[in-house]
2 protein chains.
Amino acid sequence: MDSKFKAINDPTRREILHYLVNGPQNAGQIASQFDMSKPSISHHLDLLKQANLIQADKKGQFIVYKLDKTGFEVIHAWFQSFSKYFEFPKPKIRIEI
Amino acid sequence: MDSKFKAINDPTRREILHYLVNGPQNAGQIASQFDMSKPSISHHLDLLKQANLIQADKKGQFIVYKLDKTGFEVIHAWFQSFSKYFEFPKPKIRIEI
DNA sequence: TAGATAATTAAGCGAATGTCTAAATTAAAT
DNA sequence: ATTTAATTTAGACATTCGCTTAATTATCTA
C-alpha cells in the first residue's frame, strides 16, 4: 500500500507510467526518454515494480516493462473509499442498478 | 499536482483524510486520534490544505477541517488517463451512452 | 572464448521529509 | 486585564530520497 503511493509520488516515475501507456518498452528505451542516468531509471523501475504498477519481462538480454493492472486497482480502490463523501465526475449518461 | 501526490504519500495524512469522511472536525479532534504531537498534525494538515485535499474553516478559536473535492478530482483525472490501457472495476450493472 | 551490449547493484552525497520540543499567536473565559 | 485554551510557527535532528559514477551480472555475437 505504502509502496504504491510512494511510487506515484515521484514525477519521473509518473512519466514512466504514462510512457508505458503506449505499450511495453525495454529499460533502455525508457531510459532514452529521460535526461537522467540509466541507473537512476533502473531504480525508478524497481520501485514501480515493487508497487505492482509495472511488470518486468526478461527477453534475452533485454528486460521489457509494461503496466500492471494490479497496483492501479489497489490505488483505485483507496480512491473509491471516498465516494461516500463526494462523487467523482461520471460519464454523461449512466443508468445504474 | 506534485503537492497532491506528496500529500497522499504519507500514511498519517491518508488516515486524516479517511477520518474526515465522517464529517468536519477541528484540529484538536483530529490530533486526538493520533499518537503524535499536535504540531506534527498541524504540519500534516497544512500539507493537505496546500494540496486542496482539505479546507480549513475558522470558527472562533477552533479551526474546522473538511475534505475538499478540488484536489481529489485532480488526482482522479490523472488516474483516468490510464483508462485507455485498462479499465478499472465498475458497478455491477451499468448502461452507458 | 573474447569482446560488446543491456541492465542492475553498490557506494556516496546533498536535499527533502517527518518528528519533536519550545516559543509565538490568536481568541475566549474569568 | 489576565489567564487559559487552540493552534501554528520556528528550530533542530535523524531518516529517507533521488541522483551520480563505478563495479557487477547476464546475454549475444564473431
Side-chain angles (χ1 to χ4, degrees), chain A residues 1-20 22-68 71 75 78, chain B residues 1-20 22-68 71 75 78:
Chain A
M1 191 71 195
D2 283 22
S3 69
K4 296 176 198 348
F5 288 103
K6 173 181 169 182
I8 61 172
N9 188 28
D10 183 81
T12 301
R13 290 193 287 270
R14 290 197 300 273
E15 272 194 68
I16 291 174
L17 291 177
H18 266 134
Y19 180 58
L20 290 177
N22 304 319
Q25 304 281 340
N26 66 49
Q29 290 173 314
I30 295 169
S32 72
Q33 300 295 312
F34 297 88
D35 185 20
M36 188 179 292
S37 71
K38 283 185 180 182
S40 292
I41 296 296
S42 183
H43 176 59
H44 286 311
L45 290 170
D46 184 48
L47 291 182
L48 288 168
K49 193 172 63 177
Q50 280 180 41
N52 293 117
L53 290 167
I54 62 175
Q55 284 180 329
D57 210 355
K58 191 155 190 173
K59 291 270 173 59
Q61 67 185 319
F62 297 91
I63 298 180
V64 178
Y65 288 94
K66 64 178 177 186
L67 294 180
D68 182 354
I75 302 178
W78 177 82
Chain B
M1 190 74 193
D2 282 22
S3 68
K4 295 174 197 357
F5 288 103
K6 174 181 168 181
I8 61 172
N9 188 28
D10 183 82
T12 300
R13 291 195 286 271
R14 289 197 299 273
E15 272 195 69
I16 291 174
L17 292 176
H18 267 134
Y19 180 56
L20 291 176
N22 303 320
Q25 303 281 340
N26 66 49
Q29 290 173 313
I30 296 168
S32 72
Q33 300 295 312
F34 298 87
D35 185 20
M36 189 179 290
S37 72
K38 284 184 179 183
S40 293
I41 296 295
S42 182
H43 175 61
H44 286 311
L45 290 171
D46 183 48
L47 291 182
L48 287 169
K49 194 172 61 178
Q50 281 180 40
N52 293 116
L53 290 167
I54 62 174
Q55 284 180 330
D57 209 356
K58 192 154 190 174
K59 290 271 172 60
Q61 66 185 321
F62 299 91
I63 298 181
V64 179
Y65 288 94
K66 64 179 176 187
L67 295 181
D68 181 355
I75 302 178
W78 176 82

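A, B, ... follow the sequence lines: proteins, then strands. Residue 1 opens every chain. Computed over heavy atoms, backbone and side chain alike; hydrogens, waters and symmetry mates excluded.
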(message) Quick check: do B:Phe5 and B:Asp2 have side-chain heavy atoms less than 4.5 Å from each other?
(response) no
(request) Check step by step if side chain to side chain contact (heavy atoms under 4.5 Å, CB included) holds for B:Phe62 and B:Gln29. (result) CA-CA 10 Å; B:Phe62 299 91; B:Gln29 290 173 313; over 6 Å; no
(request) Treat primed atoms plus P, OP1 and OP2 as sugar-phosphate and everything else as base, then score nucleotides 20-30 of chain D 5' to 3': B for base contact with protein heavy atoms under 4.0 Å, S for sugar-phosphate contact only, - for none. (result) BBB---SBS--
(request) Send over the distance from A:Leu48 CG to D:dG18 P, rounded to a whole Å. (result) 11 Å
(message) Given 3.5 Å as the limit, does a donor-acceptor pair link the side chain of B:Lys49 with the main chain of B:Ile54, or not?
(response) no
(request) Please state how far atom CG in A:Asp46 lies from atom C1' in D:dC17, giving the value in whole angstrom units. (result) 14 Å
(message) Just to verify, which of A:Leu67, A:Asp68, A:Ile8, A:Leu47 counts as forming a side-chain contact (heavy atoms from CB on, under 4.5 Å) with A:Leu53?
(response) A:Ile8
(request) Please confirm whether the backbone N or O of A:Asn9 pairs with a side-chain atom of A:Arg14, one donor and one acceptor, at under 3.5 Å? (result) yes
(request) With B:Leu48 as reference, evaluate B:Arg13, B:Lys4, B:Gln55 under the side-chain contact (heavy atoms from CB on, under 4.5 Å) test and give the passing residue. (result) B:Arg13
(message) With rounding to the nearest 0.5 angstrom, report the CD1 to CD1 distance, A:Ile30 to A:Ile41.
(response) 8.0 Å
(request) To the nearest 0.5 angstrom, please state how far the NE2 atom of B:His44 sits from the CE atom of B:Met36. (result) 4.5 Å
(request) Nearest whole angstrom, please: distance from the C1' of D:dG18 to the CG of A:Leu47. (result) 10 Å
(message) Working to the nearest 0.5 angstrom, can you tell me the gap between B:Ser3 OG and B:Met1 CE?
(response) 9.5 Å
(request) For DNA chain D, determine which residues of residues 24-34 of chain B have any heavy atom closer than 4.0 angstrom to one of its atoms, and list them numerically. (result) B:Asn26, B:Ala27, B:Gly28
(request) Walk along DNA chain C from 5' to 3' and tell me the first and last nucleotide with an atom closer than 4.0 Å to a non-hydrogen atom of chain A. (result) C:dT5 to C:dT9
(request) Taking all non-hydrogen atoms of both residues into account, name the closest pair between B:Ala51 and B:Ala7 and its distance. (result) CB-CB, 3.8 Å
(request) Send over the distance from A:Asn9 CG to D:dT16 P, rounded to a whole Å. (result) 16 Å
(message) Please compare A:Thr12 and B:Ser42 by the position of their nearest nucleotide in DNA chain D and report the one closer to 5'.
(response) B:Ser42
(request) Could you tell me the separation between the CG atom of A:Asn26 and the CG atom of A:Asp57, rounded to the nearest 0.5 Å? (result) 11.5 Å
(message) Please classify the nucleic acid contact of A:Asp10 as base, sugar-phosphate, or nothing, using heavy-atom distances under 4.0 Å.
(response) sugar-phosphate
(message) In this structure, how many angstroms lie between the P atom of D:dG18 and the CD1 atom of A:Ile41, rounded?
(response) 12 Å
(request) Look at all strands and tell whether A:His43 reaches a base, only sugar-phosphate, or nothing, counting heavy atoms closer than 4.0 Å. (result) nothing
